[in-house]
Amino acid sequence: MILPVIELSIGDNIKKLRKEKGLTQTDLAKAVGVTMQAISHYETNRANPSMENLRRIAAALGCSVSDLADLPADTPTEEQPPAVSLLERIDAAANKLNATGQAVAADFMEGLAEVPKYQRGKENA
């Protein structure tokens, strides 16, 4: 019998590692500097933590961002799946923008997501 591969999300990984450390959501929230509700939203995949909060969560849980993102630990940074490096680039750029610039950038990315040639699985369209 072949069992399906179950991929855990960042939220699932946060919850799993938090419980392994014997921490409550409130404990983790205090260590990260966010509300307990934010941790709850991350763990239930209703929200994604910013790169900065992801780094803080990883530090509080004694793991790496790669562990939270379920990336192979032995993969060199330049060869990692683009998820984390892309998020880091977007987060760094967004932090340089004021609120208006961030809104324009978000609108632009949402617009790109609607263009078939930029959608996953349609790279050659």
Side-chain angles (χ1 to χ4, degrees):
M1 173 168 79
I2 298 175
L3 297 175
V5 174
I6 299 172
E7 293 184 30
L8 298 178
S9 67
I10 290 174
D12 295 326
N13 289 333
I14 292 170
K15 184 175 184 177
K16 176 179 161 276
L17 292 168
R18 175 183 60 77
K19 287 187 171 194
E20 285 176 7
K21 295 284 184 186
L23 298 173
T24 65
Q25 288 181 336
T26 302
D27 295 333
L28 183 57
K30 286 179 183 174
V32 174
V34 299
T35 65
M36 184 276 299
Q37 290 82 1
I39 297 298
S40 174
H41 285 149
Y42 300 156
E43 290 185 354
T44 56
N45 301 303
R46 288 183 282 172
N48 289 313
S50 67
M51 268 319 289
E52 183 57 33
N53 282 342
L54 200 55
R55 287 185 193 107
R56 289 178 183 162
I57 291 168
L61 295 175
C63 66
S64 69
V65 170
S66 293
D67 292 333
L68 294 176
D70 228 5
L71 300 175
D74 59 347
T75 305
T77 303
E78 61 273 4
E79 293 181 19
Q80 282 183 346
V84 170
S85 61
L86 175 61
L87 288 176
E88 288 173 344
R89 288 176 56 203
I90 291 169
D91 188 56
N95 285 330
K96 294 178 186 176
L97 300 173
N98 63 24
T100 302
Q102 289 176 348
V104 170
D107 289 344
F108 181 75
M109 287 188 66
E110 289 169 353
L112 281 177
E114 298 301 318
V115 177
K117 75 177 188 176
Y118 297 125
Q119 294 172 351
R120 284 198 178 156
K122 299 181 182 180
E123 288 86 359
N124 297 322

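Everything quoted here is computed from the prediction, not taken from an experiment.
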If you look at every heavy atom in A58 and S64, which pair is closest and at what distance?
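Minimum heavy-atom separation between A58 and S64: CB-C, 3.7 Å.
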
Using every non-hydrogen atom in the two residues, find where M51 and V65 come nearest and quote the distance to one decimal.
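The answer is CE-CG1, 4.1 Å.
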
Quick check against the 3.5 Å criterion: does D12 have a side-chain atom that pairs as donor or acceptor with the backbone of S9?
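Indeed, once roles are kept as given, a pair shorter than 3.5 Å links the two residues.
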
Out of curiosity, L61 CG to L68 CG, how far, rounded to the nearest 0.5 Å?
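Spacing of CG (L61) from CG (L68) equals 6.5 Å.
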
If I take atom NZ from residue K19 and atom CG from residue L17, how far apart are they, to the nearest 0.5 angstrom?
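K19 atom NZ to L17 atom CG measures 12.0 Å (nearest 0.5 Å).
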
Please list every donor-acceptor pair under 3.5 Å in which a side-chain atom of residues 22-30 meets a protein atom from a residue at least two apart or in another chain.
unit_1 : atom_1 : unit_2 : atom_2 : d
T24    : OG1    : T26    : N      : 3.3
T24    : OG1    : D27    : N      : 2.9
T24    : OG1    : D27    : OD1    : 3.4
T24    : OG1    : D27    : OD2    : 3.1
Q25    : NE2    : E43    : OE1    : 2.8
D27    : OD2    : T24    : N      : 3.0

Worked check of side-chain contact (heavy atoms from CB on, under 4.5 Å) between N53 and V32:
CA-CA 7 Å; N53 282 342; V32 174; 4.1 Å; yes

In the single-linkage hydrophobic clustering (I, L, V, M, F, W, Y; side-chain heavy atoms under 4.5 Å), do F108 and V115 co-cluster?
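Same cluster.
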
Under the salt bridge (Lys or Arg N to Asp or Glu O under 4.0 Å) rule, collect the residues that match up with E52, sequence neighbours excluded.
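For E52 the salt bridge (Lys or Arg N to Asp or Glu O under 4.0 Å) partners, ignoring immediate neighbours, are R55, R56.
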
Among N13, L54, I57, the one residue meeting side-chain contact (heavy atoms from CB on, under 4.5 Å) with Y42:
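Of the listed residues N13, L54, I57, the side-chain contact (heavy atoms from CB on, under 4.5 Å) partner of Y42 is I57.
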
